[in-house]
Amino acid sequence: MISSSLIPCGQFKTTYGADTTIFLTPASRYWCLAGVLLAATAPLVLSNYLLALLIQIGFFGIAALGLNILVGCTGQISLGHAAFFGFGAFASAWLNNTWGVPVLLAIPLAGIMTTLLGLLFGIPAGRLKGLYLAIATFASQFILEDFFSRANWFTGGSSGAMAGPISLFGTELSGDKAFFYVVLFFVVVMFLLGTNLLRTRDGRAFVAVRDHYLSAEVMGINLTKYRILSFGISSFYAGVGGALYGHYLGYVSAEGFTILLSIQFLGMIIIGGMGSVMGTLMGTAFMVLLPEGTEAAVSAIKHVTGDIPALTSALAYIKEAAIGLAIVLFLIFEPDGLVHRWRLIKSYWKLYPFSY
Amino acid sequence: MGTSLLLQLVINGLIVGTLYGVVAMCFVLIYKSTQVVNFAQGEFLLIGAWTCWWLVTSMALPFYVAFPLTFVFMMVFGIALQMIVLRPLIGEPVISVIMVTIGLSIFFQAVIKSIFGVWAQPFPEIFPVKSVDVFGLAVQPAYLMSLVVSLVIMVAFAWFFKYSRMGLAMRATAFNQQVAQSLGISVKNVFATAWAISAMVSALAGVVVGMVNGVSSALSFFGIKVFPAVIVGGLDSIVGAIIGGLIIGLLENLAEYADGQYLHVGNLYTVAPFYVLVIILMIKPYGLFGTKTIERV
């Protein structure tokens with residue numbers, strides 16, 4: 001939500017309805033539209049490498065938005081998001097391979113299958129909260145990981161599953177350029193759904209549960225229902241994101257969905273800003289670009305000092321350490337995330353030439 | 001063959017269980033006194049074991065010098081960690097605190113891997129390798145020693161919390177921070193001490209495990225296995241942690257036995273504790289010995 005101090009002059013709201021629109025000001029609506037249009041031109045100008053990064057931001061962003069609805073808006077901590085992400089990827093591949101469902105239909109169907117799983121794993125969430133829930137979801141991550149490596153009929157076991165390419169009206173949408181538009185379409189739809197959800201009765205109920213669950217219950221919000229529902233919705237997002245991931249790589253294996261990915265998802269929403277839709281995208285972009293940035297920094301150091309073999313061999317670990325360090329530093333120095341920093345920048349420039 | 005294997009696994013389970021118990025105790029110590037869930041507990045074991053290994057092999061120090069030095073290092077490390085990272089987070093929501101320790105755990109693990117590599121390194125021999133005969137079963141002396149060390153640590157913990165001034169201060173802080181502060185207890189010192197003790201004792205456990213299995217990143221898995229143990233025992237009970245550790249140690253080995261003899265599903269050894277964790281959380285969320293919190297508005 002954009003804080004009220006940032007609304008420019010001349011913007012008055014006279015109804016509650018006007019105050020809860022998706023875009024608070026016409027300007028933000030046009031900027032958003034311009035952003036989508038700009039993104040749509042990206043495949044024409046960007047190299048395949050940069051495009052691949054944008055695609056990653058897309059499908060991770062969808063999953064991270066789900067986690068943000070669960071953690072940021074409902075206040076339920078989940079350390080097992082990567083497992084649901086993986087389930088979505090396997091489910092979509094399974095639907096496509098075993099039942100011959102066209103991929104474009106299999107992606108939302110995989111989302112629905114993941115929702116059902118999420119509702120099942122959300123049942124403990126009806127009873128647990130805070131710390132205990134974190135530990136329960138931590139356990140579910142390990143249980144699901146074990147399931148992936150075991151269920152041969154579903155995931156192909158240790159050898160993994162092939163995920164076919166997306167085809168539309170008989171033409172195969174393979175290659176980064178075509179896939180980018182698919183991801184862009186899903187990102188726009190899912191983010192619109194997410195923003196809309198937070199404006200509805202259910203979305204407000206989530207926030208009430210987060211802010212003070214006892215008061216929420218006193219006001220007639222069914223805690224168990226909304227806690228489990230929140231798990232379901234978050235799993236839907238994870239499933240769709242995971243399905244896109246699977247069809248993008250063309251191959252799904254159980255090794256991709258470890259606890260580290262779950263932590264990265266949490267890192268995305270913490271770095272971006274908890275409970276903020278725009279922050280989710282910012283945090284995801286940060287998390288995806290962080291390893292690239294680290295690699296660039298390491299090669300810059302090597303450029304100055306000459307080749308250090310130890311640095312090259314440790315690159316993978318340096319990338320991993322950077323993820324941990326970024327999470328710790330953000331929590332200590334910017335606990336409200338990038339979106340908060342962005343608001344500060346905006347409010348600084350608001351009165352720019354005549355700030356006094 | 002079946003019964004002797006079973007007996008061997010039970011003994012193994014009890015020995016590993018006491019080690020789980022010790023690590024769980026360290027975990028509970030931090031949780032009880034500072035309300036922080038430490039996801040980086042396994043990394044304490046890792047750092048302690050590697051430090052000791054490095055002092056013994058690269059610095060060629062004798063073990064009886066290296067071991068106290070490791071202790072001193074871990075004490076400083078624990079206090080520094082608490083002061084630099086955890087203190088700014090006092091009063092922040094649970095998710096921030098959890099994520100900070102998870103972030104630390106990733107960071108330390110990556111740093112350790114980049115320094116020492118991913119391969120297991122054997123500890124130089126300190127105790128004779130020849131296995132000792134206990135009730136007709138072969139048991140490694142290092143395991144026996146670990147059992148003795150764990151028991152000593154448990155007794156020391158009991159004494160510390162019952163009689164020493166600092167231990168009493170810690171219990172008071174755990175009970176209520178504001179009241180403790182108004183009684184003249186330095187809560188800051190209590191927090192730092194809790195982290196220091198936890199880091200030191202975890203390092204001890206790390207060295208013991210390292211002696212038996214070799215030092216490697218796999219040590220940090222102890223930090224993950226601690227969660228089933230503390231949930232079974234109750235998050236804020238030290239006695240519960242020990243018993244939880246024993247239960248999980250036994251369960252793991254029995255699961256392996258059942259797996260190998262009857263079920264043949266494979267990998268049950270690692271996953272069984274987590275199934276137990278979820279079941280316990282469903283039926284008895286505060287564990288066997290944890291205090292039930294009653295919420296009032």
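So that the names make sense, note that chain A is the first sequence line, chain B the second, and so on, each numbered from 1.
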Exercise. Can you check whether B/Ile231 reaches A/Tyr132 side chain to side chain, under 4.5 Å on heavy atoms?
Worked result: yes
Pair count under 4.5 Å, heavy atoms only, with chain A: among B/Ile112, B/Val94, B/Leu281, highest is B/Leu281
Ranking B/Met99, B/Gln109, B/Glu92 by heavy-atom pairs under 4.5 Å to chain A gives rank one to B/Met99
Ring geometry between B/Phe274 and A/Phe142 (parallel below 30°, tilted from 30 to 60°, perpendicular above 60°): parallel
For A/Ile332 and B/Ile84 the tightest heavy-atom approach is CD1-O, 4.1 Å
Okay, A/Phe333 and chain B: the region with an atom under 4.5 Å from a heavy atom over there is neither
Evaluate whether atom CZ of B/Arg87 has more than 12 neighbouring non-hydrogen atoms of other residues, nucleotides or ligands under 6.0 angstrom away. yes
Closest heavy-atom pair, B/Val278 versus A/Ala136, reported as atoms and distance to 0.1 Å, is CG2-O, 4.4 Å
One should read off an interatomic distance between B/Ser114 OG and A/Leu315 CG, to the nearest 0.5 angstrom, of 11.0 Å
Okay, B/Leu89 and chain A: the region with an atom under 4.5 Å from a heavy atom over there is side chain
All heavy atoms of B/Leu104 vs all of A/Val328, minimum pair found to be N-CG2, 3.7 Å
Does any part of the side chain of B/Val111, heavy atoms only, come nearer than 4.5 Å to the side chain of A/Tyr317, both counted from C-beta?
no
So, the part of B/Ile95 with a heavy atom under 4.5 Å from chain A: the answer is both
Okay, B/Val100 and chain A: the region with an atom under 4.5 Å from a heavy atom over there is both
dist A/Leu266:CG -> B/Ile98:CD1 (nearest 0.5 Å) comes out at 9.0 Å
Shortest non-hydrogen pair, B/Ile106 vs A/Leu260, comes out as CD1-CD1, 3.6 Å
Okay, A/Leu331 and chain B: the region with an atom under 4.5 Å from a heavy atom over there is both
Discussion item. Take a 6.0 Å sphere around CZ of B/Phe175 and say whether it holds more than 12 heavy atoms from other residues, nucleotides or ligands.
Written reply: no
Under 4.5 Å to a heavy atom of chain B? For A/Val71 that would be side chain
*Does any non-hydrogen side-chain atom of B/Met282 lie less than 4.5 Å from one of A/Ile123?*
yes
When the 4.5 angstrom heavy-atom criterion is applied to B/Tyr275 and chain A, the contacting part is both
Quiz item: Just wondering, are more than 12 heavy atoms of other shown residues or ligands nearer than 6.0 Å to NZ in B/Lys188?
Solution: no
Between the CZ atom in B/Phe108 and the CG atom in A/Leu325, the distance rounded to the nearest 0.5 Å is 9.5 Å
What one should report as the nearest heavy-atom pair of B/Ala110 and A/Ala321 is CB-N, 3.5 Å
Discussion item. I'd like to check A/Ile323 versus B/Phe107 (side-chain heavy atoms, cut-off strictly below 4.5 Å). Are they in contact?
Written reply: no
- Query: So do A/Leu131 and B/Tyr31 actually touch side chain to side chain, heavy atoms under 4.5 Å?
  - Reply: yes
**Item:** Within-4.5 Å side-chain heavy-atom neighbours: B/Ile224 and A/Ile259
**Value:** no
